[in-house]
*Asks:* 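Next up is a structure, given as structure tokens.
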Amino acid sequence: MVTIAWSLPVGAISALVALAAVAHMFPSARPRLLLLAARLATIGAVIVASLLAWFVWNGGPVSSPTIGGSGFGFSLRLDPVSVVMFGLVAFVGAVVVRFSCTYLDGEPRQGIFVGRLCLTIACVSLLVLSGNLVQLLAAWIATSLALNSLLLFYSERPGARRAAFKKAIFARLGDACLIAAAILLGVEFGTGDISGILTRAGDLDAAAAPISLVGAGSLLMVAAALKSAQFPTHGWLTEVMEAPTPVSAILHAGVINAGGFLLIRFADVLLLAPVGMALLALLGGFTALFGSLAMLTQSQVKTSLAWSTVAQMGFMMLQCGLALFPLAMLHIVAHSLYKAHAFLSSGSAVEVVAAIRRPGPVAVPSVAAVGRAFVLALAVFVLVGAAFGFSGKSPQAIALGMMLIFGVAYLIAQGLADAAPWALTWRTTLASVAASVAYFAYQAAASWVMAGTLPPPPQPGAVEWSVIILTVLGFGSIAFAQALLPLWGAHPASAALRVHLTNGFYANALIDRWLGLRFGSRSF
């Protein structure tokens, strides 16, 4: 049974790699047979992921024998984290491959595109199933290179070359940080086995951790931040629109989550660098607020979705910085499914929005109405939280729930406006209750599934409490200001602010200038 468990994912990944090789060797062949094989291979990967989930459910986490020597080489790790991620990658990959068969119908290089897509899915699958540092590094770098081949599918377009160039620069910096972290971990523990490293790191106390492990944890955070397009390296993610829509879907719903996966996989190591985690939480919180504000000002659908991904990745970094790793895992799954659907359906979004019939003018909430919305949302959150039991929740989880409820308050403020009909008020109240119930229910489910695999958040110290208070106040203030935007729409300062937000306060332009001076802008 154990041998079958290892052979199944190896077979699924090998089939995807073989399809990529066939597409590369026979670029002029008719793609129909290749497309059918790609669909069957990705569906097969979904079935394999389901079988692996059953295997882990019944037998518990296991690691395969290492192909290599001295504890370094290639091996697979099956546990709730790797199985959930593999299932997610396989499912999103199957949907995107199926969509590509129709979307690129008639494209002369359709077979090549699907081959590159299969290779990218295979690399990400190999990454999330990695049981050894050597395999993790190889799959991490291969994933980046495979994605670049998709971004440059229309290499004759200057915009595509520009975005791919910028992405490659930050990717190589992230690779260097991950390689350095892997060397520190390998030297400290004398093995590349990830399971062994996590077990031994979990037995250490952060106050007495060797400086090498603190450095390794910090480097892992930097690598993850670069991979997930955190401020100010986010610009390339909002510019990769020259590639076909399926590339956007697999990027924003799959590859971009590699940074979050890295943090979740090495959660026990990260806990040994509390200062780094505090800085990660601040960076993620700022990126989340920055991206959400910029998203509201974008006129193009796909660009708005890209800014949404920047914000979501920032929020995921915030969750990891607060040591809420099960919730970060839940966030990856929810965001991937939502964003894959959003990008694949973006072509019809304009028509759908235009077809919506509004019964009348939108009720603009006053300052008092926004205040009522926040009070109501917090009251509902407290009542629902008390019903689920606050006593078993960490301060970090409660703080995160408050941040989420601020978003709910922003959404329901319109229902509490003075001119809002009673039906809208009633529905928004139910929405706040549903959101609070869903948060505590999903939090409990994620913690239960990941129990024993991911460490619980430690008791916050002075630094952690400062970060928690700062992020809660920041999210609350921004949500309150966003709810009042309709009142400020006619003010001249509002128009100027909108222009600056549309351009992301020109942070990306400064990065472009630096890259141009350092590497030569003519290469774009």
*Asks:* Is the shortest side-chain N to carboxylate O distance from Lys166 to Asp512 below 4.0 Å?
*Replies:*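 Here Lys166 pairs with Asp512 in a salt bridge, since their nearest N and O are under 4.0 Å apart.
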*Asks:* Cut-off 3.5 Å, side chains only: do Thr303 and Gln298 have a donor facing an acceptor?
*Replies:*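 No, Gln298 and Thr303 have no side-chain donor paired with an acceptor closer than 3.5 Å.
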*Asks:* Backbone N or O of Ala294 within a donor-acceptor pair of the Thr297 side chain at under 3.5 Å?
*Replies:*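 Pair found, side chain donor or acceptor close to backbone of Ala294.
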*Asks:* A side-chain contact here means heavy atoms from C-beta on lying under 4.5 Å apart; do Val83 and Phe55 qualify?
*Replies:*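 Side chain of Val83 against side chain of Phe55, heavy atoms only: no contact under 4.5 Å found.
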*Asks:* Contact between Met313 and Thr287 at the side-chain level, heavy atoms closer than 4.5 Å - yes or no?
*Replies:*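 Heavy-atom side-chain distance check fails, nothing below 4.5 Å.
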*Asks:* Side chains of Glu188 and Ile197, heavy atoms from C-beta outward: is any pair under 4.5 Å?
*Replies:*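 Counting from C-beta outward, Glu188 and Ile197 never come under 4.5 Å.
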*Asks:* Donor-acceptor check, side chain of Thr309 to backbone of Leu305, threshold 3.5 angstrom: yes or no?
*Replies:*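 Yes.
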*Asks:* Has Ser336 got a side-chain atom pairing as donor or acceptor with Val333's backbone, closer than 3.5 angstrom?
*Replies:*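 Not confirmed, Ser336 side chain does not pair with Val333 backbone.
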*Asks:* Could you grab the distance from atom CE of Met402 to atom CG of Leu473, nearest 0.5 Å is fine?
*Replies:*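 Between atom CE of Met402 and atom CG of Leu473 there are 8.5 Å.
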*Asks:* Applying side chain to side chain contact (heavy atoms under 4.5 Å, CB included) to Lys167 and Leu151, what does each step give before you reach the verdict?
*Replies:* CA-CA 10 Å; Lys167 185 261 178 191; Leu151 297 179; 4.3 Å; yes
*Asks:* Does a side-chain heavy-atom distance below 4.5 Å link Trp465 with Pro395?
*Replies:*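 Result yes, sub-4.5 Å side-chain heavy-atom pair found.
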*Asks:* Output yes when a side-chain donor or acceptor of Ser64 lies under 3.5 Å from a complementary backbone atom of Leu76, and no otherwise.
*Replies:*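 Yes, the answer is positive, given that a donor and an acceptor are paired below the 3.5 Å cut-off.
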*Asks:* So which atom in Ala225 and which in Leu283 form the shortest heavy-atom distance, rounded to 0.1 Å?
*Replies:*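 Shortest heavy-atom separation between Ala225 and Leu283 comes out as CB-CD2, 4.2 Å.
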*Asks:* So does Gly474 get a backbone contact from the side chain of Ser477, meaning a donor-acceptor N/O pair under 3.5 Å?
*Replies:*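 Flag not set: sc Ser477 to bb Gly474 has no pair under 3.5 Å.
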*Asks:* To the closest 0.5 Å, what do you measure between CE (Met329) and CG (Leu88)?
*Replies:*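 Atom-to-atom, Met329:CE and Leu88:CG are 7.5 Å apart.
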*Asks:* Could you report the tightest heavy-atom contact between Leu204 and Pro210, atom names first, then the distance?
*Replies:*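 In this case the closest contact between Leu204 and Pro210 is CD1-CD, 4.4 Å.
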*Asks:* Kindly indicate, with the supporting measurements, whether the criterion side chain to side chain contact (heavy atoms under 4.5 Å, CB included) is fulfilled by Leu213 and Leu185.
*Replies:* CA-CA 7 Å; Leu213 293 184; Leu185 291 174; 3.8 Å; yes
*Asks:* Take Leu322 and Ser394, measure what side chain to side chain contact (heavy atoms under 4.5 Å, CB included) needs, and give me the verdict at the end.
*Replies:* CA-CA 10 Å; Leu322 295 176; Ser394 65; over 6 Å; no
*Asks:* For a side chain to side chain contact (heavy atoms under 4.5 Å, CB included) check, start with the C-alpha distance between Phe261 and Val89, then their side-chain angles and the critical distance, and finish with the verdict.
*Replies:* CA-CA 12 Å; Phe261 164 76; Val89 171; over 6 Å; no
*Asks:* Only one of His331, His335, Lys339 passes side-chain hydrogen bond (donor to acceptor under 3.5 Å, both in side chains) with Gln312; say which it is.
*Replies:*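 Considering His331, His335, Lys339, a side-chain hydrogen bond (donor to acceptor under 3.5 Å, both in side chains) with Gln312 is found only for His331.
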*Asks:* Heavy atoms, side chains only, cut-off 4.5 Å: are Leu272 and Phe266 in contact?
*Replies:*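 The answer is no; the side chains never approach within 4.5 Å.
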*Asks:* Are side-chain heavy atoms of Cys320 and Met221 found at a separation under 4.5 Å?
*Replies:*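 With C-beta onward as the side chain, the pair stays apart.
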*Asks:* Closest heavy-atom contact between Leu178 and Ala223?
*Replies:*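 Answer, listing the atom of Leu178 first, then Ala223: N-CB, 4.1 Å.
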*Asks:* Strictly below 4.0 Å, N to O, side chains only: are Asp175 and Arg172 in salt-bridge contact?
*Replies:*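 Salt bridge: yes.
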*Asks:* Can you check whether Leu126's main-chain N or O pairs, donor with acceptor, with Gln135's side chain at less than 3.5 Å?
*Replies:*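 The answer is yes, because a donor-acceptor pair under 3.5 Å joins these two groups.
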*Asks:* Which pair of heavy atoms, one from Ala507 and one from His234, lies closest together, and at what distance?
*Replies:*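 That would be CB-CE1, 4.1 Å.
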*Asks:* How far does CD1 of Ile194 sit from OG of Ser75, to the nearest 0.5 angstrom?
*Replies:*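 These two atoms lie 7.0 Å from each other.
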*Asks:* How close do Gly71 and Thr191 get, counting heavy atoms only, and between which atoms?
*Replies:*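 In terms of heavy atoms, the two residues are closest at O-OG1, 3.6 Å.
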*Asks:* For atom CZ of Phe231, decide whether the heavy atoms of other residues, nucleotides or ligands shown that lie under 6.0 angstrom number more than 12.
*Replies:*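 Correct, the count exceeds 12.
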*Asks:* Would you please classify the geometry between the Phe290 ring and the Trp307 ring as parallel, tilted or perpendicular, with 30° and 60° separating the classes?
*Replies:*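 Taking Phe290 first and then Trp307, their aromatic rings stand perpendicular (interplane angle over 60°).
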*Asks:* Working to the nearest 0.5 angstrom, can you tell me the gap between Ser218 OG and Leu280 CG?
*Replies:*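 Separation between the atoms: 10.0 Å.
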*Asks:* Can you name the closest pair of heavy atoms from Gly131 and Arg77 and give their distance?
*Replies:*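 Here Gly131 and Arg77 meet closest at CA-CB, 3.7 Å.
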*Asks:* Hey, do the aromatic rings of Phe475 and Phe406 have their centres closer than 6.0 Å?
*Replies:*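 Between Phe475 and Phe406, the centre distance exceeds or equals 6.0 Å.
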*Asks:* So, does Ser447 use its side chain to make a donor-acceptor pair with the main chain of Ala444 at under 3.5 Å?
*Replies:*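 No; zero donor-acceptor contacts below 3.5 Å.
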*Asks:* With the side chain counted from C-beta on, respond yes when Pro232 and Leu510 share a heavy-atom pair under 4.5 Å apart, and no when they do not.
*Replies:*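 In short, these two side chains do not touch, never coming nearer than 4.5 Å.
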*Asks:* Hey, what do you get for CZ (Arg200) to OG (Ser195), rounding to the nearest 0.5 Å?
*Replies:*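 It comes to 11.5 Å.
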*Asks:* Is the closest side-chain heavy-atom distance between Phe170 and Leu237 below 4.5 Å?
*Replies:*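 Answer no - side chains too far apart.
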*Asks:* Any chance OH of Tyr442 has more than 12 other-residue heavy atoms, nucleotides or ligands included, within less than 6.0 Å?
*Replies:*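 Counting other residues, nucleotides and ligands, OH of Tyr442 stays at 12 neighbours or fewer.
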*Asks:* Going from CG on Leu127 to CD1 on Ile141, what distance comes out if it is rounded to the nearest 0.5 angstrom?
*Replies:*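 If I round to the nearest 0.5 Å, the distance is 11.0 Å.
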*Asks:* Does the Ser304 side chain pair with the main chain of Val301, one donor and one acceptor, at a distance under 3.5 Å?
*Replies:*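 Between the backbone of Val301 and the side chain of Ser304 there is no qualifying donor-acceptor contact (under 3.5 Å).
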